[in-house]
Amino acid sequence: MNQQFDNDQVRRRYEELEELVARGVEPYPYSYDRTHTSEQILQTYRDDDPGLLSDVAVAGRIMAIRRMGKATFFHIQDATGSIQCYIKADELPAAYDMLRLLDIGDIVGTKGFVFRTRTGEITVHVRQLELLCKSLRPLPIVKQERDEQGNIILHDAFSDKEQRYRRRYLDLIVNPHVRQTFIARSRMIAAIRRFFDERGWLEVETPILQPIYGGATARPFVTHLNALDMPLYLRIADELYLKRLIVGGFEGVYEISKNFRNEGIDRMHNPEFTALEVYVAYRDYNWLMKLTEELLVTVASHVRGVPALLRVDGTEIPLERPFHRIRLLDAISQAVGEQVESLSRDELYVLCKRHEVDVAPFASYAKLVDELFTTLVQPSLVAPTFITDHPVEMSPLAKRHRDDPSVVERFELYVGGMEIANAFSELNDPRDQRQRFAEQARLRASGDDEAMVLDEDFLTALEIGMPPTAGLGIGIDRLAMLMTGAASIRDVIFFPLMRPEHSPRPVED
RNA sequence: GACCCCGUAGCUCAGUGGUAGAGCAUCUGACUUUUAAUCAGAGGGCCGCAGGUUCAAUCCCUGCCGGGGUCACCA
């Protein structure tokens, strides 16, 4: 064996492994038949009838060992929780001998009967002990203590964010709340699927590798397809493909999948993130606002038990229907204390300067509106609020408002100061859509590298004809943050993007 | 990309211009109902990396690497 040891704890464990093998112990067996999880034992045990659990088999990772000479207590942790085990040397001399070579982190299976100790803890009295996996590296030890109120006090919790994100497996083993966060995320997505499935809408998959990226304004990741010697883009949105499916005759489709945007990384943004998009034929954005309310209330109730979301500071955000609704320009007017509805681009620029909103002198009308909103309004949108009817320049894929052609039928949902949904009555007039693409092309030519690219086939699809359609996108990661009170998007993504730990020096070319 | 902060034992952290310390973890011994087990002892460190200043650098300076935060960017 030519093993490089990082430190003597690792070396010691390799030595133990060899000694176990020398004694005929298989350190990596193939399976283990459990009768109970730790949770099942704790829930089933009855002091007046301990015989109920006279022969259980549990398995898990050793998380604590207390050796007391000829008797030892240890805790094993499984997916449902943890349970204490008790083993006596005189009853099981061989197993007890093997136990001397086991460590915190090893995975074992044990059979025995359940009893309650003098100090009141439900415990498995070990009659048989098997090693199921030898752990060769030390675990970051988290000790926990219970105070008189029963609160759990953690000592020296594994808290270094870099290590937690890089070695999520360790984070999950030693930090129980992390497991809970990801279970909540998974339940949330399951609840969303159920909500749509119940309505008869079809879950679909559309291309992630796209020859033309579209459906949002963002810089893409570029890759290359060798077989056809052509560039491809990782999708920034799936919108244009889902609309093609509505053209094709499906009347309700949704997709939950990763998008990729080559932009900044911060606590709200990860280069790859999960988006939900749903499109429903014959509906408009008014109907979709009600649906969005219902979706959030249903999902939050399922995941959290109450129709409320959670802020980082632990305060709840009740989801009371109907959510606030305010037109985007009205929200800005309110914030600046004057009517902005009919202001020109140049007047808006002056307004920005007056309110110390930092904008470039050549910024477009849409950009100015966006800056004013982001700076002056968005932070205050804690309670769920629909911001509606954006200027048409900001929304190249949304249908013009039926009463005002300068704005579109669009809403964004803000909760806790975060944008979590974006939706519109979908633009299905191919003539208008072509004009909008032309405007995007003009922006692109003038240096806006996030402007949308013309997708001629998408226009062809619209010419074939798309029924009136409402479409909604939800940032799943951000919604998960609000379901769990997470402070950073990294806390709800198992493996957030990190720079390589030992980065090879990039070669300059 | 800019600025600020951080990087010391497996983990959580102290610390000082004279090359280091605690708790837990680890090792040895004691202990047959413990639970942050306890008691006695021991080992463990390129103080992120590379330069510079200095008689002397973990500490001061510069650069780099990694992380966090703020801003910018970004639906």
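Note on naming: letters A, B, ... go to the chains in the order of the sequence lines (proteins, then strands), and numbering restarts at 1 for each one.
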Inset, instruction - With sequence neighbours excluded, tell me which residues meet side-chain hydrogen bond (donor to acceptor under 3.5 Å, both in side chains) with T374(A). - result: none

Legend entry - Sequence neighbours excluded - salt bridge (charged side-chain N to carboxylate O under 4.0 Å, His left out) pairs with any residue from residues 363-376 of chain A: K367(A)-E371(A)

Legend entry - Qualifying salt bridge (charged side-chain N to carboxylate O under 4.0 Å, His left out) pairs with a residue from residues 268-277 of chain A, counting only residues at least two apart or across chains: K258(A)-E272(A)

Identify all side-chain donor-acceptor contacts of residues 390-397 of chain A below 3.5 Å with residues at least two apart in sequence or on another chain.
| unit_1 | atom_1 | unit_2 | atom_2 | d |
| --- | --- | --- | --- | --- |
| H390(A) | NE2 | E412(A) | OE1 | 2.9 |
| S395(A) | OG | R410(A) | NH1 | 2.7 |

Donor-acceptor contacts under 3.5 Å from residues 488-498 of chain A side chains, at least two apart:
| unit_1 | atom_1 | unit_2 | atom_2 | d |
| --- | --- | --- | --- | --- |
| S488(A) | OG | R490(A) | N | 3.0 |
| D491(A) | OD1 | Y165(A) | OH | 2.9 |

Inset, instruction - For R127(A), enumerate each residue passing the salt bridge (Lys or Arg N to Asp or Glu O under 4.0 Å) test, keeping only those at least two apart in sequence or located in another chain. - result: none

Legend entry - Phosphate contact (U26(B) OP1 or OP2) by R12(A) side-chain N/O below 4.0 Å: no

Legend entry - Base-contact (B) and sugar-phosphate-only (S) positions in nucleotides 40-49 of chain B, heavy-atom cut-off under 4.0 Å, - elsewhere: ----S-----

Inset, instruction - May I ask you to evaluate whether R499(A) reaches the phosphate of G66(B), defined as a side-chain N or O under 4.0 Å from OP1 or OP2? - result: yes

Legend entry - Any R166(A) side-chain N or O less than 4.0 Å from OP1/OP2 of G67(B): yes

Legend entry - salt bridge (Lys or Arg N to Asp or Glu O under 4.0 Å) partners of E255(A), counting only residues at least two apart: R235(A)

Legend entry - Qualifying residues under salt bridge (Lys or Arg N to Asp or Glu O under 4.0 Å), relative to R478(A), sequence neighbours excluded: none

Legend entry - Near-strand residues of residues 80-96 of chain A, defined as heavy-atom separation under 4.0 angstrom from RNA chain B: Q84(A), Y86(A), K88(A), D90(A)

Inset, instruction - Toss me the dot-bracket line for RNA chain B: Watson-Crick and G-U wobble, both under 3.5 Å, 5' to 3', using | for pairs to another strand and [ ] for crossers. - result: (((((((..((((....[..)))).(((((.......))))).....(((((..]....))))))))))))....

Inset, instruction - Scan side-chain atoms only and decide if T80(A) and S38(A) contain a donor-acceptor pair under the 3.5 Å cut-off. - result: yes

Inset, instruction - Answer with yes or no whether R118(A) presents, from its side chain, a donor or acceptor under 3.5 Å of a partner atom in the base of U33(B). - result: no

Solution key, residues 381-389 of chain A side-chain donor-acceptor pairs under 3.5 Å, sequence neighbours excluded:
| unit_1 | atom_1 | unit_2 | atom_2 | d |
| --- | --- | --- | --- | --- |
| T385(A) | OG1 | A383(A) | O | 2.8 |
| D389(A) | OD1 | Y285(A) | OH | 2.6 |

